[in-house]
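Below you'll find the structure, written out as structure tokens, and then a few comments.
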Amino acid sequence: MRQSFLFSKTRREAPKDELAKNAQLLIRAGYVHKEMAGVYSYLPLGLRVLNNIVRIIREEMNTIGGQELVMSALQDKDLWSRTDRWDDTKVDNWFKTTLKSGGEAGFGITHEEPLTRIMTEHISSYRDLPVRAYQFQNKFRNEMRAKSGIMRGKEFLMKDLYSFDQTQEEHEKFYAEARDAYLRIFDRLGIGDKTYVTFASGGIFSEFSEEFQTVSEAGEDIIYIDEEKNLSFNKEILTDEVLAKFDVNREKLIEKKAIEVGNIFHLGTRFSEALGLTYKDKKGESNPVVMGSYGMGPTRLMGTIVETLSDEKGIVWPENVAPFKVHLISLSGGDEAVREYADMLYEDMKKHGISVLYDDRDNRAGEKFADSDLLGLPWRVIIGKNAISNGEIEVVNRATGKIEKRKREAVLEI
Ligand code: ATP
Ligand code: MG
């Protein structure tokens with residue numbers, strides 16, 4: 001894409017009321033637009049990043065047998081009343097609205113209830129199990145805190161997968177597969193080395209849930225890590241009893257701030273019993289289906305990548321999620337030969353299947369470099385007079401700052 005064509009512009013200042021580094025950088029670089037506190041729009045570059053994150057998650061969910069669907073955002077009050085999760089005293093972050101046709105609806109905060117009800121029409125026998133179904137969908141939550149930028153939205157994208165099994169044992173087996181898939185995702189997103197599987201409160205159905213916590217000063221959670229045992233605990237569950245159970249020494253734990261990028265839950269039969277999701281086993285006996293839920297936040301992940309990998313000059317995208325792999329910059333300064341050379345290289349790069357953003361604007365070199373640092377594409381390819389005179393093209397790695405000179409053919413191998 002030509003940068004002169006891109007409608008989004010970079011800007012020097014983020015909005016005064018934006019406190020989070022992730023949103024400040026993403027707004028300044030033109031990736032997102034702030035609508036109001038905790039509500040953001042994703043502009044073309046931002047959407048490319050988000051789509052890359054979604055693609056990686058989707059691939060890994062399909063690998064473990066996930067079937068993608070998309071459920072409605074508008075939610076039925078009666079359904080949620082049956083599990084006692086409608087009342088504001090039970091769940092305090094619903095956005096609700098009155099319907100002209102009478103009654104109320106809410107904007108989905110999560111989707112255990114509607115999917116369980118859908119499954120009552122599709123699961124009746126042990127032959128119908130197991131089922132793993134997931135979606136990417138905007139969730140709506142009336143969140144209080146708005147200091148974390150896109151990491152805590154009132155409207156945000158979630159990947160939510162739900163598992164349906166015959167027995168607790170089968171459920172546990174899948175739960176372990178889901179954990180592994182999550183770890184592969186964080187590796188592919190470039191934050192694997194900072195992300196810990198962390199025991200957290202499990203609600204009513206099991207002693208613990210597991211959270212995936214990425215260490216960052218911008219995190220809202222506090223975790224305690226035992227490096228030797230490779231264990232991590234959310235502060236909320238760290239009691240003497242838990243320490244004893246895992247044979248962990250309190251003195252050895254390292255306290256860190258961290259961002260919860262995903263979590264996996266045992267749901268037992270809470271929802272299947274409440275909503276009548278049962279199956280007949282081989283003996284013809286009726287049993288409630290055993291469920292699990294597996295959440296992950298693509299928009300929060302995008303913010304986490306910015307928080308943990310950016311530097312003082314701007315964003316640093318890992319190649320897997322970058323909106324473009326290469327930032328091609330022409331420093332023509334009015335020199336037609338340089339412009340033509342850059343134009344041709346741009347066309348050739350596209351022919352070679354390289355995803356490239358071409359800064360073909362007439363701006364000064366300093367401005368172009370500052371913008372390029374802010375945008376954070378992995379490779380910067382610079383075309384100035386030297387590129388033509390001695391055939392050497394400067395290639396800069398955004399993450400390391402390392403500069404190499406390459407021949408034109410080698411640039412096309414990037
Ligand atoms: P938190 O503890 O941070 O409020 P949660 O425990 O309520 O999150 P879930 O309801 O399990 O989170 O949601 C699944 C995933 O969705 C989370 O792990 C996180 O990655 C993401 N997520 C949750 N709330 C938000 C939000 N307000 N904005 C962006 N992402 C979110
Ligand atoms: Mg949580």
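Ligands are counted one by one from 1 in listed order, and the atoms in each one are counted from 1 as well.
Of the charged side-chain nitrogens involved, none lies within less than 4.0 Å of a carboxylate oxygen, so that Arg361 and Glu367 do not count as a salt-bridged pair. A salt bridge is defined here as a Lys NZ or Arg NE, NH1 or NH2 lying under 4.0 Å from an Asp or Glu carboxylate O, and Glu104 with Lys96 fails to meet this definition. Electrostatic pairing of Asp128 and Lys280 does not count as a salt bridge here, judged by no charged N lying under 4.0 Å from a carboxylate O.
If you number the atoms of ligand 1 from 1 as listed, the ones under 4.0 Å from a heavy atom of Gly153 come out as 26 (C), 27 (N), 28 (N), 29 (C).
The protein non-hydrogen atom at the shortest distance from atom 10 (O) of ligand 1 is Arg141 NH2, 2.6 Å. With respect to atom 14 (C) of ligand 1, the closest heavy atom belonging to the protein is Met158 CE, 3.7 Å. Taking atom 11 (O) of ligand 1 as the reference point, the nearest protein heavy-atom neighbour is Asn263 ND2, 2.6 Å. Nearest protein heavy-atom neighbour of atom 1 (P) of ligand 1: Arg152 NH2, 3.6 Å. Of the protein's heavy atoms, Glu260 OE2, 3.4 Å lies nearest to atom 17 (C) of ligand 1. In this structure, atom 22 (N) of ligand 1 lies nearest to the protein heavy atom Phe156 CE1, 3.4 Å. Of the protein's non-hydrogen atoms, the one nearest atom 21 (C) of ligand 1 is Gly297 CA, 3.8 Å.
Nearest to atom 20 (O) of ligand 1 by heavy-atom distance, out of Leu157, Val261, Asn93, is Val261. Ranked by closest heavy atom to atom 27 (N) of ligand 1, the top entry among Glu211, Lys154, Glu143 is Glu143.
Take the N/O/S atoms of Glu260: the one nearest the Mg ion (ligand 2) is OE1.
Checking Ser163 against Tyr294 by side-chain atom types alone, a donor-acceptor pair falls below 3.5 Å. Residues Glu112 and Thr116 have side chains that never bring a donor and an acceptor to within less than 3.5 angstrom of each other.
Atom NZ of residue Lys235 and atom CD1 of residue Ile223 lie 12.5 Å apart, to the nearest 0.5 angstrom.
Classified by interplanar angle (parallel below 30°, tilted 30° to 60°, perpendicular above 60°), the ring pair Trp80/Trp94 is perpendicular.
Side-chain rings of Tyr175 and His266 approach one another, their centers coming within less than 6.0 Å.
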